[in-house]
Amino acid sequence: MLKVLKFGGTSVGTLDRIQNVANIIKKIKDEGHDVIAIVSAMSGETNKLLDYAGYYSKTPKLDEIDMLLSSGERVTSALLSIALNEMGYKAMSMSGRQAGIVTDNAHTKARIESIDTTEMKKSIKDGNIIIVAGFQGIAQDTLRVSTLGRGGSDLTAVAIAGAIEADVCEIYTDVDGIYTTDPRIEPKAKKLDKISYDEMLELASLGAKVLQNRSVEMAKKLNVNLVSRSSFTPEVEGTLITKEENIMEKPVVSGIALDKNQIRVGMYGVTDRPGIASAIFTALADANINVDMIVQTRGLDGTTDLDFTIPTTDFEICKKVMEQFKAQAKNIDYNESICKVSIVGVGMKSHTGVASKAFTAMANENINIRIISTSEIKISMIVDEKYAELAVRALHEAYHLDK
Ligand code: ASP
Ligand code: MG
């Protein structure tokens with residue numbers, strides 16, 4: 001098999017840990033696989049380099065920043081291949097450019113445009129283990145070094161796996177996979193063997209530390225089988241993130257996600273006429289505010305009530321935007337003490353009674369549900385923040401996720 005492996009900052013955080021990664025790669029190579037490993041900078045390194053730049057300038061040129069930041073990953077790739085060579089393995093380090101990665105010209109947040117895999121293929125044929133510096137490429141017009149945005153090494157790995165048609169892309173961090181819910185909230189949470197791309201995207205809060213959403217989206221697009229696993233317990237199989245068709249037995253519910261960074265905006269007694277919703281949500285979109293759940297109901301007096309949620313980070317701008325709609329409503333209020341709990345599972349599509357079970361679980365705990373929204377594979381509920389953990393545990397139990 002051709003395996004693409006990616007090692008994050010903590011996995012290569014010290015010289016010892018780089019040696020540990022070399023040992024993991026050795027084992028996989030000994031099993032007869034070809035290996036392309038993508039590495040992050042040692043943890044803390046990228047921030048340190050940014051601080052260095054700040055010593056001289058508050059507004060350094062972006063392509064100079066990229067030149068600087070890309071060096072963190074290069075250090076790790078060189079050290080890892082030195083370690084592997086010393087162990088008697090042929091290893092070759094490559095910068096993003098040498099690996100054939102071409103990006104657009106948006107320095108510090110470049111997008112990968114293409115990957116020419118010729119050099120990597122040749123090098124593998126020669127028996128090399130390839131170690132690629134993650135997070136970087138070369139800008140197509142200026143031919144300057146570019147970087148892909150913070151956390152971008154995952155993208156490098158997924159994009160290479162897609163371009164070279166690797167059998168798998170294993171993302172190594174310090175967490176051994178994706179759990180049914182946050183184990184700090186529910187200690188009975190279980191590691192999932194398999195999960196679909198869409199479920200993973202919906203459960204983003206559970207994978208936040210281990211997988212960047214952008215790379216899950218790219219994996220889905222390029223049909224790359226992703227595995228989330230730990231370099232600290234490499235003997236533990238991780239979680240496979242793959243397309244739905246590859247999951248034979250689809251659980252009705254795969255996991256429970258919690259998002260505490262939500263604020264509910266309520267508009268009451270809104271004049272009922274065409275164009276109001278359009279005006280409000282266009283204004284919010286223009287302000288780059290990410291509206292999540294929207295509920296509109298009809299009041300008795302012919303007006304309507306409108307509720308929606310926004311991320312906590314957008315609170316201040318949202319209040320400003322809403323100012324202009326004051327005249328259109330009897331009252332506008334904000335509730336910061338809410339959270340969103342979601343149950344996610346592809347199996348929902350073909351089962352009935354999934355939602356009622358969630359509502360019953362809330363009722364049994366005397367938790368009031370303020371907003372409900374559903375999609376094909378997700379049911380989300382807004383409840384008071386003080387019930388967040390209780391709600392997660394109750395739902396985990398209701399769907400027997402600990403079994
Ligand atoms: N070193 C870069 C960062 O810290 C890229 C990465 O680790 O994925 O954002
Ligand atoms: Mg990282």
Side-chain angles (χ1 to χ4, degrees), residues 4-15 17-18 20-21 24-25 36-54 60 62-81 93-99 101-104 106-112 115 130-139 144-163 169-175 200 204 207-219 222 224 226-232 238 241:
V4 168
L5 317 174
K6 186 260 169 178
F7 297 93
T10 30
S11 295
V12 294
T14 63
L15 300 183
R17 288 184 182 174
I18 292 177
N20 174 54
V21 166
I24 293 174
I25 293 175
I36 301 176
I38 285 76
V39 287
S40 279
M42 296 168 85
S43 59
E45 192 62 23
T46 309
N47 287 338
K48 196 178 84 188
L49 293 170
L50 263 179
D51 282 352
Y52 285 171
L62 294 184
D63 61 339
E64 281 170 11
I65 284 286
D66 277 351
M67 183 67 182
L68 178 70
L69 296 194
S70 64
S71 68
E73 268 70 9
R74 291 182 185 213
V75 169
T76 327
S77 68
L79 290 176
L80 181 54
S81 51
S93 59
M94 289 188 183
S95 68
R97 173 189 205 153
Q98 289 166 323
I101 300 173
V102 178
T103 72
D104 64 13
H107 284 284
T108 72
K109 49 173 195 295
R111 300 180 78 88
I112 297 177
I115 302 184
I130 302 178
I131 316 289
V132 181
F135 169 62
Q136 58 189 278
I138 179 174
R144 303 275 295 158
V145 176
S146 55
T147 64
L148 309 178
R150 299 304 303 270
S153 294
D154 284 4
L155 281 177
T156 305
V158 175
I160 287 180
C169 177
E170 300 187 337
I171 309 275
Y172 286 81
T173 63
D174 51 0
V175 183
M200 188 66 240
K209 286 197 318 269
V210 293
L211 288 172
Q212 222 198 5
N213 249 12
R214 236 174 114 195
S215 36
V216 179
E217 275 162 14
M218 188 187 272
L222 302 177
V224 169
L226 270 184
V227 175
S228 160
R229 60 191 305 171
S230 168
S231 65
F232 296 88
I241 301 134

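Whatever order the structure lists ligands and atoms in, that order sets their numbers, starting from 1. Along the sequence shown, residues carry numbers from 1.
- Every atom of ligand 1 is numbered from 1 in the order shown, and the set under 4.0 Å from a heavy atom of T46 is 1 (N), 2 (C), 3 (C), 4 (O).
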Q) Passes salt bridge (Lys or Arg N to Asp or Glu O under 4.0 Å), E217 versus R214? Steps please. A) CA-CA 5 Å; E217 275 162 14; R214 236 174 114 195; over 6 Å; no

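- Residue-ligand proximity, R150 to ligand 1, at heavy-atom distances under 4.0 Å covers atoms 3 (C), 4 (O), 9 (O).
- Residue-to-ligand polar distances place G151 within reach of ligand 1: an N/O pair is separated by less than 3.5 Å.
- For R144 (side chain) and A139 (main-chain N/O), no donor-acceptor pair under 3.5 Å exists by modelled atom type.
- For G134, the closest heavy-atom approach to ligand 1 does not fall below 4.0 Å.
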Q: For the pair D66 and H107, evaluate side chain to side chain donor-acceptor pair (under 3.5 Å) and give the outcome as yes or no after the intermediate values.
A: CA-CA 7 Å; D66 277 351; H107 284 284; 2.8 Å; yes

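- Under a 4.0 Å criterion applied to the non-hydrogen atoms of S40, ligand 1 contributes the atoms 6 (C), 7 (O), 8 (O).
- Remark: R97 CZ is loosely packed, at most 12 non-hydrogen atoms of other residues, nucleotides or ligands lying under 6.0 Å away.
- Under 4.0 angstrom from ligand 1, the non-hydrogen atoms of E73 all belong to its side chain.
- The number of heavy-atom neighbours closer than 6.0 Å to CG of L15, taken from other residues, nucleotides and ligands shown, is 12 or below.
- At least one donor-acceptor pair under 3.5 Å links the side chain of E73 to the backbone N or O of A41.
- Proximity of G152 to ligand 1 is established by a heavy-atom distance of less than 4.0 Å.
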